[in-house]
Structures are given as structure tokens and as C-alpha cells.
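Okay, structure first, notes after.
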Amino acid sequence: MCGIVALIGSREAAPQLLEGLRQLEYRGYDSSGIATVDAEGQLTCLRASGKLVNLTARVEAEGARGCCGIGHTRWATHGKPEERNAHPHRSGDGAVAVVQNGIIENHRNLREQLESAGVQFLSETDTEVIPHLVAAELERLQASGGKAAGPLLLLAVQAVLPQLQGAYALAVIWDKAPGALVVARRAAPLLIGLGEGEFLCASDTPALAGVTRTILPMEDGEVALLSPLGVELYDAEGQRLQRMPTVLSGTDHVADKREFRHFMLKEIHEQPETAELWVARHLPRGLPPQQPVALPFEDGFYNGIERIDILACGTSRHAALVGAHLLEQFAGLPTAVHYASEFRYAPPPLAPNTLTIGVTQSGETADTLAALAMEAERRAGIADPAYASRQLGVTNRAESSLSRQVPYILDIGAGIEVGVAATKTFLGQLLAFYGLAMAFAGRRGRRSSEELTALADELRALPGQLKALVDLHDQRSEALAHRFAETQDVIFLGRGINYPIALEGALKLKEISYIHAEGYPAGEMKHGPIALLDARVPVVSIAVPGVVFEKVLSNAQEAKARDAQLIGVAPEGPDTALFDELLPVPVVSEWISPLLTVVPMQLLSYHIAAHRGLDVDQPRNLAKSVTVE
């Protein structure tokens, strides 16, 4: 959600800004822009609505000179996705330009104050108050004299920040300081990259990885002055800080679509590799039978935990629901899953000996981070050590805000995912919960060595099964997709551990094909949703052998009796002959079935959207990393 790139050095900034923004396209956006300032103090600002190609065409046609610049991809919050609302925003005299991620919650009051002072606004955004405030502060500071332009810009930004309420990451340039770039953050991600003869800033690592792997993550309240000579870092009180940079781990920070039509399809095909890497890392042979999984935690991490709360949003919440089923039914740990956005305003009563798990593939989801912070603060006020905060993060980004906020991190290691609709990161989150459930079950004595070994062996076989499944359903789903050309509503049904997969299947279809879809527990169909069914509403039913197999088949029959087209995600056999269309999955234990049943639904959603000619990787109104509340 929104992307920032900023840099200063000895090379022309515009080409690097555009390339950095291209690397952030996966986050979701509806407009973009850059601003540069050259050595003579000429500030150029170019913006465009729609895709980045529109901005690129403007830059190529009109030019944007200078070795210092800022760039932005915007996901609309305040104001429609039009060019006038695109970033950067400028002060009234055009001298100051600002890009910002996040939301300035008190922007209306600030806007009214500025308008009463004669300032004219050109956009509907919350961001535009910032360049006007900085320009007014610069005018005041210049009147007092005695400072060079770069330090003046730093002082002006530092003076303005306390007036801003909410979450932000921002970058500011000034036409009188072509050798200075000021950046700041509060509750929104921002990273400084240290290159050779140049310094960069971005909201996510892919924008930096092509230039440098040496980064300095900014913390809340910090402000930095970047110049061709180096980086000056300050805390919220204006005190100079000294902190060692870190090096990006891994080699997957730059995306490559390879031969695939879309990133989403490529990432679905990468799921066997995701599983194979997870198995190699966490299920090595030779571990004790009662502890067959290797997680990066010492024994003390598990001690004394009596219940678990999981905070998540969207697809991450669906993974958490599967995780809760495993933790309760396999490991015997009472577990509750909460919408992070709701938890912030209606948290449950505090319980002792609770592990709180935050699940966010980006590690930057604002609601999840805020909910975790609130929970830690609630528990800090209780003297009883049983109520001490114990928090774990499950993420795909080890260098994220989440990893700096919570003491324990479980990195799912799925590699960069560009498609906004999560696929391989969902699988990675599921696998993380399988690991946790096995670890807790073994240490709590809730499962025998034989049961733990059997589950570990099934998980070791998963990569091969996923490979066969992806190859099969890539073809079957493509052939089926044309039958959804006129479809407007789809129902997804599942029970038990596969109910969250029905929710995920419905979400995927909604996200990328814009077809209305809902997921229900199959047993709840007759308690209301059955009224929606007729021959125009397909029903996708997940039916795998296990505790609820016969029940799900009976629920499917109820839908078939209402003339609904019945699509089954189930093993081939006489029991599943009732389905009008079968998307077959192999016979496995009910425990690991979600890892397989999700694949046909991912591919069906993908091929329906592709058949409709939609933008699969960047669906409308959505963002990969949701960094605002």
C-alpha cells in the first residue's frame, strides 16, 4: 500500500526513482509521481494517474533533471485516484515537495488553520498539509538566518512533525537545498539504503536491493538528513544517533516473472518449492520422535503457555484459523483468532500465560502491529509475571517492522511475492502453524511419537504432491474458467479444518475476478445461505475423507437439490460422483488436507480472472502491504 523511493547522490535521480517504483508496484497503487531538484535549484514535479507506464511516458517526454529526488506510488485513501491527488505534493510556491505513506489523522484541523492563513489547497489529500507547514517553517527559520540550506530543511521538518497526528513515512526536498533530502517515520515502514556514493530511502526492500544490500531501518519517531556526504540520524527529541547498518539476507528481493503470464501464476507454481524449503529447514531427519520439528526457539519459549491469541487480517487470518484448529485439536492448546482491526478496540479480558501471535506476510500490516503493541502495553501494567507479554510474529519479511517489534519471529521464507492476492505466502503461513502445533503437541505430551512421526512424514511428502496438483489443476481450471463468464455469485463450503480454506477460496475469487463470493461452514448452509441458491450460483464444496466427510457430502446434496452447479474439491471415487465437476485432490489425512485443497481454488480463481482479461497481479482497490488503519 503506497510506495516511497527517495535518493541523493551523483547520478541522475529520475531513472533510479522510476526503477525503484517499478519494484514496489506489487504493493498496489492507482497513481504515481516523482520530484527532482537539480544543482541550480530547479524543482520538477511530474505525476500521473493509473499505471507507472503513464508516469514513465511523462518523464521521458518532459524530463526531470537532478541528482536528488523523491518518488511515490499512491493507493487512494483521501481523495479519488486522480492526478491532482497523486504525490508528490508541493507548497504554494512550489519550493517544497513531499511524499508520504500513512494517514495524517488531524489533517482537517491543520488544513483549516492553513486556509485561514491564506493557503490554497489543490488536492483532497491529507498529505498536502505537510509541504505547506514545512514551507512556513522554512520561511520563519530563514528570517532568523545562520544555517545552511540542508540543516534548515532538517530543522523545519523536525519542527513540523510534532504537529502531525497519525502514522506516516515521508520524504521531503526543497529547491534551495539540492544537496539535502530529509526523511522521517512514525508507525509506517521506512528504510535507508547505503550505496556507493549515494544514499537511498524506501518503504520496502525491493526498491533498494538493486542498488545496495546495506540498510539502516528507521525506528518510530526518527528523522534523517541524507546528503552526498552521508546520513545523519536523529531521534524524536532531536538527539543525534549512532547505529550500525544491517545487511539484507537472501537473494530474492528482486522479482522476476520468468516465462509465466502473471506473477500470481508463477507464485502458485512456486508452492512446491516453498514446501520443500520448509521441510528441509524444519523437518530434518534424526530429531527425537517426540520433537520432530526444528523451530528457531529455545525450550523456554514453550514453557508455561496455557492459551494462544492470534491477531491477523485477510488471508493471514484464514491461515490463522487453520492454525487455531491445529493448536487446539492436535496440540490441545486453547486458541482464539481475532481480527487485528477489531482487537484494537475490543480486546478480550487478559488471561495469564498467554502467547500472542501476530500474522502478517509483509510484517508491516498496520492493524496487526498496532494490536500487538496495544496488547504488550496492556500486559506491561500488570505486576503478576503470569500476565507478562509473550509475543511471536509469523511473517515473510525478516527485515520488517514486525521483526523489530516482537521478541520472537517465525520467518516463513517463501521469497518475494508480487501478486497482491497471496498464494505461496498463505502456504508458508500454514506450514508455520503446522510446525508450531507439532512443537507444542510434543512438548505437552498431547500426541504420541507415532502420531508426530506420521504427520512429519506426510509433510515430507507434500512437495511432490503439490507439484503434481499444481500441474494438473493449471490445465483443469483453465478449461473450467470459461463457464464462469456470466457468473455473479459463488458459494464456497467447507467444514472443520477446511472451513478456513472455503473462506480463502471465496476471498481469492473476490480479489482478482470481482465476482461476489462467500465462504460458509457447510453445516450452516441450511440456516440461511441456501436461500441464495439456484442454477446460476455455483457451489464449490471441499470434501476430504475424515471426521466430517459424510456430513459435507450431505450438505453438498442439499445444494444440488436446489439446481446449483456443484464443484467438488475432493478425491476421485464413488463417494464424490455427485459433483457436476470434480477438482481432484489426493487422499491424505484430514490434518494436512488444507495444504492441498487450497491449490485448485487458487488456480480456478486465477484462470477465471485471466479469462476475463483482468489485472491479476494488481487488482483494483487492493494493496499488497496494508500500512494504514
Side-chain angles (χ1 to χ4, degrees), residues 2-9 11-22 24 29-50 52 54-74 79 82-102 121-123 125-135 138 149-150 152-154 156-157 160 168-184 190 198-203 207 224-228:
C2 297
I4 286 177
V5 181
L7 61 92
I8 188 166
R11 294 189 290 170
E12 284 293 312
Q16 298 180 81
L17 292 171
L18 291 172
E19 178 56 31
L21 294 178
R22 270 190 284 273
L24 297 180
Y29 70 104
D30 45 54
S31 61
S32 58
I34 65 168
T36 60
V37 58
D38 64 19
E40 287 73 44
Q42 176 67 40
L43 194 152
T44 303
C45 183
L46 299 175
R47 304 180 296 178
S49 61
L52 192 57
N54 300 332
L55 175 63
T56 302
R58 283 205 66 184
V59 173
E60 291 174 350
E62 302 177 37
R65 294 177 57 247
C67 299
C68 175
I70 55 179
H72 192 265
T73 51
R74 175 179 184 257
E82 300 169 346
E83 182 178 326
R84 68 191 183 98
N85 291 324
H87 297 213
H89 290 287
R90 302 173 72 176
S91 56
D93 59 3
V96 176
V98 175
V99 294
Q100 181 237 339
N101 288 352
F121 282 79
L122 304 178
S123 78
T125 69
D126 56 329
T127 302
E128 195 182 351
V129 300
I130 302 174
H132 293 304
L133 291 170
V134 172
L138 282 169
L152 271 182
L153 181 59
L154 172 67
V157 173
V160 165
Y168 57 74
L170 56 87
V172 187
I173 57 174
W174 181 31
D175 63 4
K176 291 183 173 57
L181 165 66
V182 175
V183 297
L190 205 58
E198 59 190 352
F199 299 92
L200 308 89
C201 196
S203 50
L225 170 63
L226 282 61
S227 75

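Just the heavy atoms: all of them, side chains too, but no hydrogens, waters or symmetry mates, feed the values below.
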Fill in the blank from the handout: Here the pair of heavy atoms bringing A13 nearest to C67 is CB-C, 3.9 Å
Practice task
Give a yes-or-no answer on whether the side chains of T125 and T127 include a donor-acceptor pair shorter than 3.5 Å.
Solution key: no
Completion exercise
Rounded to the nearest 0.5 angstrom, the CZ-CG distance for R65 and L43 is 12.5 Å
Practice task
For residues R47 and P88, determine if any side-chain heavy atom of one lies less than 4.5 Å from a side-chain heavy atom of the other.
Solution key: yes
Problem - Check: T44 and Q42 side chains under 4.5 Å, non-hydrogen atoms - result: yes
Completion exercise
Rounded to the nearest 0.5 angstrom, the CD1-CD1 distance for I70 and I8 is 11.5 Å
Practice task
Please report the closest heavy-atom contact between P178 and A39, naming both atoms and the distance.
Solution key: CG-O, 4.0 Å
Practice task
Kindly say whether Y168 contributes a backbone atom to a donor-acceptor pair with the side chain of N101 at under 3.5 angstrom?
Solution key: no
Handout entry: Short side-chain to backbone donor-acceptor contact, E128 and L122, under 3.5 Å
Key = yes
Problem - Test: E83 and R58 ion pair at under 4.0 Å - result: yes
Practice task
Using atom types as modelled and distance alone, determine if a side-chain donor or acceptor of R74 lies under 3.5 Å from a backbone N or O of N85.
Solution key: yes
Fill in the blank from the handout: Nearest heavy-atom contact between A86 and S32 is CB-O, 4.1 Å
Problem - 4.5 Å side-chain heavy-atom contact, L152 and W174 - result: yes
Exercise for the section: Could you tell me the separation between the CD1 atom of I34 and the CD atom of Q16, rounded to the nearest 0.5 Å? Expected result: 11.0 Å
Fill in the blank from the handout: When every non-hydrogen atom of V37 is compared with those of D175, the smallest separation belongs to CG2-CA, 3.7 Å
Problem - Separation of C201 SG from L181 CG (nearest 0.5 Å) - result: 7.0 Å
Exercise for the section: Would you check if L226 and V183 make a side-chain contact, meaning some heavy-atom pair closer than 4.5 Å? Expected result: yes
Exercise for the section: Show your working on side chain to side chain contact (heavy atoms under 4.5 Å, CB included) between V5 and L200 and close with a plain yes or no. Expected result: CA-CA 7 Å; V5 181; L200 308 89; 5.7 Å; no
Practice task
Could you pull out the closest heavy-atom pair between P131 and R90, with the gap in Å?
Solution key: CB-C, 3.6 Å
Problem - CD1 on I130 to NE2 on H89, rounded to 0.5 Å - result: 9.0 Å
Practice task
Mind checking ring-ring contact (aromatic ring centres under 6.0 Å, His included) for H72 and listing every partner two or more places apart, or none if nothing turns up?
Solution key: H87
Completion exercise
Output for pair (E60 CD, L18 CG), nearest 0.5 Å, gives 8.0 Å
Practice task
Taking the side chain as every heavy atom from C-beta outward, state whether L153 and L138 have any pair of such atoms under 4.5 Å apart.
Solution key: yes
Practice task
Taking all heavy atoms of A135 and all of S91, pick out the closest pair and write down the distance.
Solution key: CB-CB, 3.6 Å
Practice task
Keeping the roles fixed (side chain from T36, backbone from G66), state whether a donor-acceptor pair exists under 3.5 Å.
Solution key: no
Handout entry: Identified side chain to side chain contact (heavy atoms under 4.5 Å, CB included) partner of L55 from the options L21, L17, T73
Key = L21
